[in-house]
Chemist: 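Before I ask anything, here is the structure I am working with.
Not measured: the values here are computed from a predicted model. Naming convention: chains lettered A, B, ... in sequence-line order (proteins, then strands); numbering from 1 in each chain. Every heavy atom of this structure was used, including side-chain atoms; hydrogens, water molecules and symmetry mates were not.
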2 protein chains.
Amino acid sequence: MGTARSRLLAAALDLFMRHGVSGTSLQMIADELGVTKAAVYHQFHSKEDIVEAVIAPALAELEAVADAAEAQRRRNDRLRVALEGVVDLVVRHRGLFAMIMTDPQVGRLVRSRPPLRGLEERIEAVLTGPEPDAETLVNSAMVSGALMVAGLDPRLAGLDDETLRRHLTATVFRMLHVRRRATS
Amino acid sequence: MGTARSRLLAAALDLFMRHGVSGTSLQMIADELGVTKAAVYHQFHSKEDIVEAVIAPALAELEAVADAAEAQRRRNDRLRVALEGVVDLVVRHRGLFAMIMTDPQVGRLVRSRPPLRGLEERIEAVLTGPEPDAETLVNSAMVSGALMVAGLDPRLAGLDDETLRRHLTATVFRMLHVRRRATS
DNA sequence: GTCTATAGGGCGATAGAC
DNA sequence: GTCTATCGCCCTATAGAC
């Protein structure tokens with residue numbers, strides 16, 4: 001079963017994805033675990049703390065992806081590393097990124113925390129490059145949305161990680177005109 | 001300024017997109033208009049009524065797009081008509097479709113209303129065709145997400161309708177391997 | 001169409017016993 | 001770690017005057 005804390009986070013994530021963050025009350029989380037609200041407050045001091053703990057691991061991984069992408073010398077390699085990294089995260093965490101991107105409350109929280117602030121911008125900068133034209137701007141926005149929804153759509157829930165990863169990668173590369181192989 | 005009703009709907013849409021539906025209270029809507037909550041309840045009997053009225057026009061247009069697409073004989077034409085129609089809707093309504101697709105509360109509402117129920121499925125069926133393989137399933141899900149976020153992203157807010165429409169169309173066609181011209 | 005006033009309930013959060 | 005009990009707030013919604 002894991003620790004009380006990890007069971008709480010798992011239940012919270014499930015409810016957040018099904019009802020949204022502001023649509024999920026602490027009472028719902030407590031009911032899901034079969035305990036009272038006060039027991040929830042023993043683990044986390046506020047609802048915001050819960051949201052933060054739920055998204056923290058994925059954001060840390062996203063930061064590592066940004067680091068790895070920015071370290072590449074060639075633009076095509078930066079794109080390739082960023083896209084492969086983000087696809088991998090989306091596949092492994094499925095709905096979590098959809099929750100982060102679509103829920104306005106989560107968005108505010110992410111943007112208010114200094115270490116995370118700018119992470120979005122770093123990824124976007126890798127995808128678009130400096131001074132992007134309209135087409136590049138539109139396409140990179142579309143990639144975000146396309147990946148986000150891929151982790152959410154119930155029709156894709158039955159696909160295994162490897163199949164989903166392969167098709168996602170192929171299509172985002174096609175969207176942004178990225179060459180498939182690393183530059184030798 | 002328009003009627004009280006239309007001003008209310010405009011204010012509600014703006015707040016729904018900024019804070020989400022469950023993150024928006026009737027008090028916030030009333031404040032935005034400079035009136036009291038009771039004045040809001042004079043126009044609509046419940047919050048759900050407001051949500052329904054906000055999304056109704058766009059959903060009616062979406063239904064017309066589904067009709068037009070299903071009337072095409074060839075698969076490529078069905079795809080082309082559906083995608084061009086949806087792109088047009090997304091461009092003209094911008095954030096509205098993002099709100100419909102991402103907010104769990106709105107999703108429940110849409111799926112609970114019989115005339116609208118199945119509309120999602122009709123559009124999806126046109127995009128995927130019968131018994132789609134994994135790649136087709138993934139790609140059509142990605143198209144939904146890509147279009148959704150395009151209406152939401154603040155970076156694209158400055159683009160005029162025609163520019164946005166052109167790039168969105170080009171990229172979704174590329175995602176789904178659709179030929180650009182109508183079948184003669 | 002808009003107001004004041006209020007009902008009734010769920011919310012996040014706290015205190016203190018076990 | 002979990003409980004009972006409670007606080008104060010804000011929510012949706014209603015009633016009735018102007």
Chemist: In plain terms, say whether A:Asp14 and A:Arg18 are close enough for a salt bridge, that is, a side-chain N and a carboxylate O under 4.0 Å apart.
Modeler: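 Counted as a salt bridge, because a side-chain N and a carboxylate O are separated by less than 4.0 Å.
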
Chemist: Figure out the CG/P separation between B:Leu8 and C:dG1, and round it to whole Å.
Modeler: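 Answer to the nearest Å: 11 Å.
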
Chemist: Looking at B:Thr36, does any N or O in its side chain come under 4.0 Å of the phosphate oxygens OP1/OP2 on C:dT2?
Modeler: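 It does not, given that no N or O in the side chain of B:Thr36 lies less than 4.0 Å from OP1 or OP2 of C:dT2.
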
Chemist: Distance check needed: C:dT2 P versus B:Leu33 CG, whole Å only.
Modeler: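 Answer to the nearest Å: 9 Å.
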
Chemist: Looking only at side-chain atoms of B:His42, point me to the closest of C:dG1, D:dT2, C:dA13.
Modeler: C:dG1

Chemist: Between D:dT2, C:dG12, D:dT12, which nucleotide gets closest to the side-chain atoms of B:Lys37?
Modeler: D:dT12

Chemist: Figure out the CD/P separation between B:Gln105 and D:dC11, and round it to whole Å.
Modeler: 14 Å

Chemist: Quick check on salt bridge (charged side-chain N to carboxylate O under 4.0 Å, His left out): which of A:Arg113, A:Lys47, A:Arg108 does A:Glu52 satisfy it with?
Modeler: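 Passing option: A:Arg113.
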
Chemist: Can you figure out which of D:dT12, D:dT2, C:dG12 approaches the side chain of A:Ser25 most closely?
Modeler: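 Minimum distance to the A:Ser25 side chain belongs to C:dG12.
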
Chemist: Roughly how many Å is it from CZ in B:Phe44 to P in C:dG1, rounded to a whole number?
Modeler: 11 Å

Chemist: Which nucleotide wins on minimum distance to the side chain of A:Tyr41, given the candidates C:dC3, D:dG1, C:dG12?
Modeler: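 Among C:dC3, D:dG1, C:dG12, the one nearest the side chain of A:Tyr41 is C:dG12.
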
Chemist: Need to verify one output field. Residue with the more 5' nearest nucleotide on DNA chain C, A:Gln27 or A:Ala38?
Modeler: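 By nearest-heavy-atom nucleotide position, the 5'-most residue is A:Gln27.
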
Chemist: In whole angstrom, give the distance that lies between atom CD of A:Gln43 and atom C1' of C:dA13.
Modeler: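 After rounding, the gap between these two atoms is 16 Å.
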
Chemist: Do NZ/NE/NH1/NH2 and the carboxylate oxygens of A:Arg122 and A:Glu70 come within less than 4.0 Å?
Modeler: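 So A:Arg122 pairs with A:Glu70 through a salt bridge.
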
Chemist: Go through it in stages, so that I can follow the logic: the residues are A:Thr163 and B:Glu135, the test is side-chain hydrogen bond (donor to acceptor under 3.5 Å, both in side chains), and I'd like the CA-CA distance, side-chain angles, deciding distance and then a yes or no.
Modeler: CA-CA 9 Å; A:Thr163 302; B:Glu135 185 191 354; over 6 Å; no

Chemist: Distance check needed: D:dT12 C1' versus B:Ile29 CD1, whole Å only.
Modeler: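 About 12 Å, once rounded to whole Å.
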
Chemist: I need the CG-C1' distance between A:Leu26 and D:dC11, as an integer number of Å.
Modeler: 16 Å

